[in-house]
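In the text below, chain A, chain B and the rest are named by the order of the sequence lines, each starting its count at 1. Keep in mind it's a predicted model, so treat the numbers as computed, not measured.
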Amino acid sequence: MNPTPLQVSPELEHPWDLRPLDAMALQRRLRLLLEETPLENPPQVVAGCDASYDAPTGQAFAAVVLFELPSMREMERSVVQAPINYPYVPGLLSFREAPVLLQAMARIKRRPELLMFDAHGLAHPREMGLASHLGLLLDIPSIGCAKSPLVGTYDEPGLNRGDCAPLWLRGQVVGCVVRTRDKVKPVFVSVGHKIDLPQAIELVLSCCRGRKLPEPTRLADRIVGHARRSYKSSL
DNA sequence: GCGACAG
DNA sequence: ATCTTGTCGC
């Protein structure tokens with residue numbers, strides 16, 4: 001058997017069960033390695049990644065779905081279940097969700113050219129959100145597309161699809177509030193790794209297909225939701 | 001010190 | 001994240 005194409009770069013491997021202060025110190029170190037460079041070529045394979053958690057049982061479900069661009073055809077998917085212990089701490093989401101997400105990624109056969117997450121990238125207290133963290137460890141361009149803000153200030157974007165407003169943090173633009181559907185609550189797009197903001201915004205918009213959320217993460221979200229409900233009804 | 005706080 | 005019904009609008 002061939003090795004999985006989605007593995008953490010050996011030189012960047014690190015434990016996930018870090019105490020908050022150590023986790024934050026690690027984020028500050030990893031931040032120095034992020035690249036906000038434009039994508040070389042248009043991605044032909046994009047991966048949507050998401051996880052869902054069942055508090056009563058402590059079980060989590062993660063899914064990775066590969067889409068071919070620009071056709072938006074699903075190519076492959078993987079779903080896994082695993083217990084989660086790390087608590088939810090704003091700013092430390094990767095330490096809670098990355099382990100199970102990496103398990104789902106390890107089961108994917110094709111290596112995507114872009115990763116999309118239901119989370120932030122640079123729009124994070126230490127500019128190292130989940131999208132940036134995993135993009136860096138896997139060395140794959142990544143985008144954060146969250147449903148609500150974590151940090152930063154912004155003005156409401158226009159009401160039409162495509163309207164944007166910069167997301168500011170300490171005098172810097174760390175992301176963009178993007179209206180992906182007319183008159184619908186906007187999403188928060190930020191660079192994860194190895195891509196620039198204009199391209200991230202364009203790719204999110206091109207993946208929305210008339211929906212508020214990009215199809216890759218939207219489908220991943222539905223898959224983990226089904227997996228969780230299926231699991232609960234089988235108890 | 002107080003409030004805010006991805007999923 | 002999850003708990004939850006109906007309801008408004010295209």
Side-chain angles (χ1 to χ4, degrees), chain A residues 16 20 23-24 27 30-31 48-64 79-104 115-136 142-154 159-161 167-170 174-193 200 204 208-214 216-233 235:
Chain A
W16 292 101
M24 290 169 65
Q27 290 180 323
L30 296 178
R31 168 64 183 90
C49 319
D50 194 29
S52 102
Y53 177 69
D54 181 58
T57 61
Q59 294 299 302
F61 303 82
V64 174
V79 195
V80 299
Q81 172 184 346
I84 280 187
N85 294 305
Y86 207 88
Y88 169 67
V89 179
L92 300 182
L93 183 63
S94 31
F95 295 87
R96 174 174 168 78
E97 296 193 346
V100 60
L101 282 171
L102 286 171
Q103 284 187 45
L115 305 173
M116 292 192 52
F117 295 89
D118 244 313
H120 294 287
L122 293 179
H124 173 280
R126 291 163 293 285
E127 300 183 2
M128 187 47 72
L130 175 65
S132 294
H133 201 146
L134 287 181
L136 175 68
S142 63
I143 296 173
C145 182
K147 298 182 290 296
S148 64
L150 173 61
V151 294
T153 59
Y154 60 93
L159 299 178
N160 301 315
R161 167 183 162 81
L167 179 59
W168 296 87
L169 180 67
R170 306 178 205 117
V174 295
C176 192
V177 188
V178 184
R179 191 83 64 182
T180 51
R181 284 195 66 179
D182 291 1
K183 276 208 68 181
V184 168
K185 185 184 183 197
V187 297
F188 298 77
V189 178
S190 60
V191 166
H193 181 51
V204 165
C208 282
R209 288 293 179 87
R211 308 259 177 192
K212 169 189 173 181
L213 300 176
T217 50
R218 180 172 176 277
L219 180 54
D221 180 78
R222 291 190 56 191
I223 291 173
V224 292
H226 291 157
R228 187 176 61 76
R229 283 183 283 281
S230 166
Y231 167 72
K232 296 210 71 177
S233 63
L235 291 179

Measure the shortest side-chain to side-chain distance between A:Asp50 and A:Arg218 over non-hydrogen atoms and say whether it is less than 4.5 angstrom.
no
Contacts satisfying salt bridge (Lys or Arg N to Asp or Glu O under 4.0 Å) that involve residues 142-154 of chain A (not counting sequence neighbours) are A:Asp118-A:Lys147
ask   = Side chains of A:Arg126 and A:Met24: closer than 4.5 Å at any heavy-atom pair?
value = yes
TODO: Identify whether any heavy atom of A:Asp118 sits under 4.0 Å from a base atom; if not, whether one sits that close to sugar-phosphate; answer base, sugar-phosphate or nothing.
DONE: sugar-phosphate
Taking C-beta and beyond as the side chain, do A:Arg170 and A:Glu127 meet within less than 4.5 Å on heavy atoms? yes
Only pairs under 3.5 Å count here: list side-chain donor-acceptor contacts from residues 81-95 of chain A, not counting sequence neighbours, and write none if there are none.
unit_1	atom_1	unit_2	atom_2	d
A:Gln81	NE2	A:Gln59	OE1	2.9
A:Tyr86	OH	A:Leu18	O	2.8
A:Ser94	OG	A:His133	ND1	3.2

Applied to residues 181-192 of chain A, the side chain to side chain donor-acceptor pair (under 3.5 Å) test, sequence neighbours excluded, yields none
Just checking A:Ala119: base, sugar-phosphate only, or nothing, at a heavy-atom cut-off of under 4.0 Å?
base
Practice item. Give A:Pro125 one of three labels, base, sugar-phosphate or nothing, depending on what nucleic acid heavy atoms sit under 4.0 Å from its own. Key: nothing
Note: chain A reaches DNA chain B at heavy-atom distances under 4.0 Å over the stretch, first to last nt, 5' to 3', of B:dC5 to B:dG7
Sequence neighbours excluded, the answer for ring-ring contact (aromatic ring centres under 6.0 Å, His included) partners of A:Tyr53 is none
For this session: Find out whether A:His193 and A:Leu115 are in side-chain contact, i.e. whether some heavy atom of one side chain is under 4.5 Å from a heavy atom of the other.
Result: no
>> Between A:Val100 and A:Val80, is there a side-chain heavy-atom distance shorter than 4.5 Å?
In response: yes
Sorted by number, residues from residues 89-97 of chain A placing a heavy atom under 4.0 Å from DNA chain B are A:Pro90, A:Gly91, A:Leu92, A:Leu93, A:Arg96, A:Glu97
Applying side-chain contact (heavy atoms from CB on, under 4.5 Å) to A:Val151 and not counting sequence neighbours gives A:Pro125, A:Leu169
For residues 223-233 of chain A, the side chain to side chain donor-acceptor pair (under 3.5 Å) pairs (sequence neighbours left out) are A:Asp54-A:Lys232
Exercise for review: Answer whether the closest heavy-atom distance between the side chains of A:Val174 and A:Leu167 falls below 4.5 Å.
Suggested key: yes
Residues passing the salt bridge (Lys or Arg N to Asp or Glu O under 4.0 Å) test with A:Arg211, sequence neighbours excluded, are A:Glu215
Quiz item: Do A:Arg179 side-chain atoms and A:Arg161 backbone N/O form a donor-acceptor pair below 3.5 Å?
Solution: no
Listed range with range, the stems formed with DNA chain B by at least 3 consecutive Watson-Crick or G-U pairs (under 3.5 Å) are none
The first and last nucleotides of DNA chain C lying within contact of chain A, meaning any atom under 4.0 Å from one of its heavy atoms, run from C:dA1 to C:dC3
Need one value for A:Tyr88: base, sugar-phosphate or nothing, where a base atom within 4.0 Å counts as base even if backbone is also close, heavy atoms only.
base
Tightest non-hydrogen contact, residues A:Val79 and A:Ala227, listed as CG1-CB, 4.1 Å
Encoded 5' to 3' (Watson-Crick or G-U under 3.5 Å; [ ] crossing; | other strand), DNA chain C becomes ..........
